[in-house]
Amino acid sequence: MPDSRLVIENCALATMDASGTEYASGHVVVAGHRIESAGPGPAPGDLADVVRRIDGDGHLVTPGLVNTHHHFYQWLTRGLAQDCNLFDWLVSLYPVWARIDEPMVHAAAQGSLAALALSGVTTAADHHYVFPRGAGDLLGAEIRAAADMGVRFSPTRGSMDRGASDGGLPPDFAVESTEEALLATEAAIDRWHDPSPASMLRVGVAPCSPFSVSSGLLRSAATLARAKGVRLHTHGSETREEEEYCMLRYGMSPTELLESTGWLGSDVWMAHCIHMSDSDIARFADTGTGVAHCPSSNARVAAGLARVPDLLAAGVPVGLGVDGSASNECGRLGAELRNALLINRLGAQREKALTARQALRMGTMGGARVLGREDEIGSLEPGKLADLALWKLDGLLHSSIADPVAALVLGAPAPLTLLLVNGEPVVEDGHLVTADEDAIARDTRTQARRLAALAGLGTPAQNT
């Protein structure tokens with residue numbers, strides 16, 4: 001039986017293909033779970049099995065956005081430690097996060113995924129690395145939430161094995177042993193990872209950071225990931241304090257440490273990568289190591305300005321990330337398009353440091369490359385999976401901007417008329433169709449208050 005078809009026409013298209021092809025007025029035809037055609041003018045008039053035809057006048061179609069770094073569980077601790085640098089922020093919040101449990105993580109994942117989908121995200125990566133004893137199935141809670149939402153998901157099983165007594169940053173009660181972490185990571189891959197084409201669920205291996213894990217865990221985790229054929233993810237070069245820590249403890253920079261433990265390669269991506277030397281960038285480019293750029297979070301914790309134009313010029317794969325909702329309370333990847341563009345222009349004679357189209361490419365094809373899925377998602381091309389966003393740009397806040405890509409990237413957050421993941425609607429007319437937004441809001445509020453009570457948090461004024 002032939003696939004049913006959905007047609008969107010009379011709209012602007014930014015395909016994000018290798019040539020950066022755009023059409024002022026074009027069409028997209030979706031057949032089943034894949035894009036059948038994307039081109040100029042109206043769709044062919046004789047298409048069979050068309051079950052829905054959308055007039056996209058006043059709209060822009062783009063590939064769905066790809067979020068390459070997040071910590072879903074942090075949705076419950078937004079607004080805390082408001083004026084801290086990264087290390088102080090972590091020290092303030094680790095004791096709170098060490099009290100999370102399965103119902104909390106499920107609610108937090110729903111909140112995080114809802115915010116992402118409503119901002120155009122069709123594929124989301126998450127880095128979960130806090131596993132209190134007796135807390136339940138935390139990774140499974142996230143996976144259930146993503147499946148229910150209908151978003152393509154790349155969870156990474158994180159870990160920490162170096163507590164404060166061993167020179168690490170997290171408290172001892174928030175870490176696992178090296179053996180526990182490796183066994184649990186292997187079990188997560190065996191249970192959930194789906195390597196098949198068009199997979200909705202790909203699991204990765206993700207020790208947390210150079211200041212919370214041992215070099216032994218880094219080395220063994222890399223070996224495990226490659227034996228299982230999955231990708232590797234961690235934080236890297238996020239702050240000057242991290243660089244000082246690595247030099248003091250290992251006599252190496254973060255990049256040198258990660259390279260020495262097997263953590264550079266085309267199957268690896270790292271979050272932040274702010275404090276990178278020319279040689280660091282060259283090593284990333286030579287090895288194909290990817291970067292998740294998180295501009296809002298970097299600013300929130302005063303971590304610094306990543307050298308994104310230099311990374312791109314060197315050929316490093318760069319995607320965008322929201323990062324955890326406790327360091328980016330907005331939680332929407334659409335906002336990172338604009339913030340990436342603006343923040344990377346800060347400084348003298350940087351007005352051309354990044355363009356609107358480069359920002360959109362990082363949020364789409366760049367993210368697909370970082371996650372190793374550029375052959376399936378990230379652009380509007382025949383045969384690719386039908387993950388796409390239809391943005392409404394003819395309203396008050398956008399209608400006077402003639403360039404639709406500039407309207408999307410530089411303008412106010414654009415409403416979504418339609419978000420398709422695997423050819424299925426997830427957002428319609430600015431609202432989720434796969435979940436109840438009000439119910440998610442109530443559940444996240446309840447679980448956030450429960451966590452605050454367990455952690456003994458005072459009033460909001462006392463926690464700023």
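- A distance of 10.5 Å separates CZ in Arg369 from OG in Ser266, rounded to the nearest 0.5 Å.
- Between the side chain of Ser212 and the main chain of Met160, no donor-acceptor pair closer than 3.5 Å is present.
- Two residues are said to be in side-chain contact when any heavy atoms from C-beta on lie closer than 4.5 Å; Val370 and Val291 fail this criterion.
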Stepwise side chain to side chain contact (heavy atoms under 4.5 Å, CB included) check, Asp148 with Thr434
CA-CA 7 Å; Asp148 290 343; Thr434 53; over 6 Å; no
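- No close placement of the His128 and Phe72 rings is indicated, their centers lying 6.0 Å or farther apart.
- With respect to the salt-bridge test (charged N to carboxylate O, under 4.0 angstrom), the residues Arg52 and Glu424 do not qualify.
- Across all their heavy atoms, Ser199 and Arg202 have their closest contact at CB-NE, 3.4 Å.
- Residue Ala114 comes nearest to Ile440 through the heavy atom pair CB-CD1, 4.2 Å, listed as atom of the first residue, atom of the second, then distance.
- A donor-acceptor pair is defined here as one N or O able to donate and one able to accept, closer than 3.5 Å; such a pair exists between the side chain of Thr156 and the backbone of Asp126.
- Although no hydrogens or angles enter the test, the distance criterion places no donor-acceptor pair under 3.5 Å between the side chain of Asn10 and the main chain of Gly26.
- A distance of 7.5 Å separates CG of Asn298 from CG of Asp323, quoted to the nearest 0.5 Å.
- At a cut-off of 3.5 Å, with distance as the only test, no side-chain donor of Ser297 or Asn328 sits close to an acceptor on the other residue.
- Under the ring pair (Phe, Tyr, Trp, His ring centres under 6.0 Å) test applied with Tyr129, the options His70, His233, His71 reduce to a single match, His71.
- To the nearest 0.5 angstrom, Leu6 atom CG is 6.0 Å from Leu420 atom CG.
- Closest approach of Ala326 to Leu93, counting heavy atoms only: CB-CD1, 4.2 Å.
- Ser220 and Thr223 share no donor-acceptor pair across their side chains, judged by distance under 3.5 Å alone.
- Here Leu60 contributes atom CG and His398 contributes atom NE2; the two are 10.5 Å apart, rounded to the nearest 0.5 Å.
- Under the 4.5 Å side-chain criterion, counting only non-hydrogen atoms from C-beta, Val268 is not in contact with Arg231.
- Checked by atom type and distance alone, the side chain of Glu9 pairs as donor or acceptor with a backbone atom of Ala43 at under 3.5 Å.
- Taking OG1 of Thr444 as the reference point, atom NE2 of His106 lies at 12.0 Å (rounded to 0.5 Å).
- For Leu396, the CG atom is loosely surrounded, since the number of other residues' heavy atoms within 6.0 Å does not exceed 12.
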Evaluation steps, side chain to side chain contact (heavy atoms under 4.5 Å, CB included), between Glu36 and Asp3
CA-CA 10 Å; Glu36 185 173 72; Asp3 288 326; over 6 Å; no
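- Between Arg144 and Asp137 there is no salt bridge, since none of the side-chain N atoms of the basic residue sits less than 4.0 Å from a carboxylate O of the acidic one.
- Side-chain atoms of Arg361 and Gln358 form no donor-acceptor pair, as typed in the model, at a separation below 3.5 Å.
- What you find for Ala359 and Leu341 is that their closest heavy atoms are CB-CB, 4.4 Å.
- One N or O on the side chain of Thr446 and one on the backbone of Arg442 form a donor-acceptor pair closer than 3.5 Å.
- Ala299 and Ile343 make their closest contact through CB-CD1, 4.4 Å (heavy atoms, listed as atom of the first residue, atom of the second, distance).
- The only member of Gln82, Arg300, Arg78 that meets side-chain hydrogen bond (donor to acceptor under 3.5 Å, both in side chains) when paired with Glu329 is Arg300.
- Using a 4.0 Å cut-off between a side-chain N of Lys or Arg and a carboxylate O of Asp or Glu, Arg283 and Asp286 qualify as a salt bridge.
- Side chain of Glu336 to main chain of Leu320: no donor-acceptor pair is present (N/O by atom type, distance under 3.5 Å, no hydrogens or angles).
- Separating the SG atom in Cys208 from the CG atom in Leu217 is a distance of 10.5 Å, to the nearest 0.5 Å.
- Proximity of Leu232 to Trp269: side-chain heavy atoms (C-beta onward) are nowhere separated by under 4.5 Å.
- In this structure, Arg152 and Leu385 have side chains that are in contact, with non-hydrogen atoms separated by less than 4.5 Å.
- Checked by atom type and distance alone, the side chain of Arg5 never pairs as donor or acceptor with a backbone atom of Val29 at under 3.5 Å.
- Taking the side chain as every heavy atom from C-beta outward, Pro155 and Val203 approach each other to under 4.5 Å.
- Trp391 and Thr417 share no side-chain donor-acceptor pair at under 3.5 Å.
- Panel note: side chain His69, backbone Val322; no donor-acceptor pair is recorded below 3.5 Å.
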For a side chain to side chain contact (heavy atoms under 4.5 Å, CB included) check, start with the C-alpha distance between Arg450 and Asp101, then their side-chain angles and the critical distance, and finish with the verdict.
CA-CA 11 Å; Arg450 181 170 158 256; Asp101 61 18; 2.2 Å; yes
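- Taking a cutoff of 4.0 Å between a charged side-chain nitrogen and a carboxylate oxygen, Arg307 and Asp278 qualify as a salt bridge.
- Counting only heavy atoms from C-beta outward, the side chains of Asp403 and Arg357 approach each other to under 4.5 Å.
- Side chains of Trp263 and Thr234: a donor-acceptor N/O pair is absent below 3.5 angstrom, by distance only.
- No donor-acceptor pair under 3.5 Å is formed between the side chain of Glu22 and the backbone N or O of Thr15.
- The closest side-chain heavy-atom distance from Glu102 to Val105 is not below 4.5 Å.
- At a threshold of 4.0 Å, the pair Lys384-Glu376 does not count as salt-bridged, since none of the basic side-chain nitrogens sits closer than that to a carboxylate oxygen.
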Just do the side chain to side chain contact (heavy atoms under 4.5 Å, CB included) check on Ile8 and His27 with the steps written out, would you?
CA-CA 5 Å; Ile8 307 171; His27 71 274; over 6 Å; no
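- For His272 and Ser237, the side-chain atoms include no donor-acceptor pair closer than 3.5 Å.
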Check the pair Trp89 / Trp97 against ring pair (Phe, Tyr, Trp, His ring centres under 6.0 Å), numbers first and verdict last.
CA-CA 12 Å; Trp89 178 86; Trp97 296 334; 5.4 Å; yes
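- No side-chain donor-acceptor contact under 3.5 Å links Asp17 and Ser19.
- Between Cys330 and Ala335 the shortest heavy-atom distance is SG-CB, 4.1 Å.
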The test is salt bridge (charged side-chain N to carboxylate O under 4.0 Å, His left out); show your working for Arg445 and Asp443 and say whether it passes.
CA-CA 5 Å; Arg445 185 185 306 115; Asp443 196 20; over 6 Å; no
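- By the 6.0 Å and 45° rule, Arg157 stacks over the aromatic ring of Phe131.
- Under a 3.5 Å cut-off, the side chain of Glu186 and the backbone N or O of Leu182 do not form any donor-acceptor pair.
- Atom CZ of Arg350 is surrounded by more than 12 heavy atoms from other residues, nucleotides or ligands within 6.0 Å.
- Counting heavy atoms from C-beta on, the side chains of Leu139 and Arg191 never come closer than 4.5 Å.
- Within 6.0 Å of CD in Glu351 there are more than 12 heavy atoms belonging to other residues, nucleotides or ligands.
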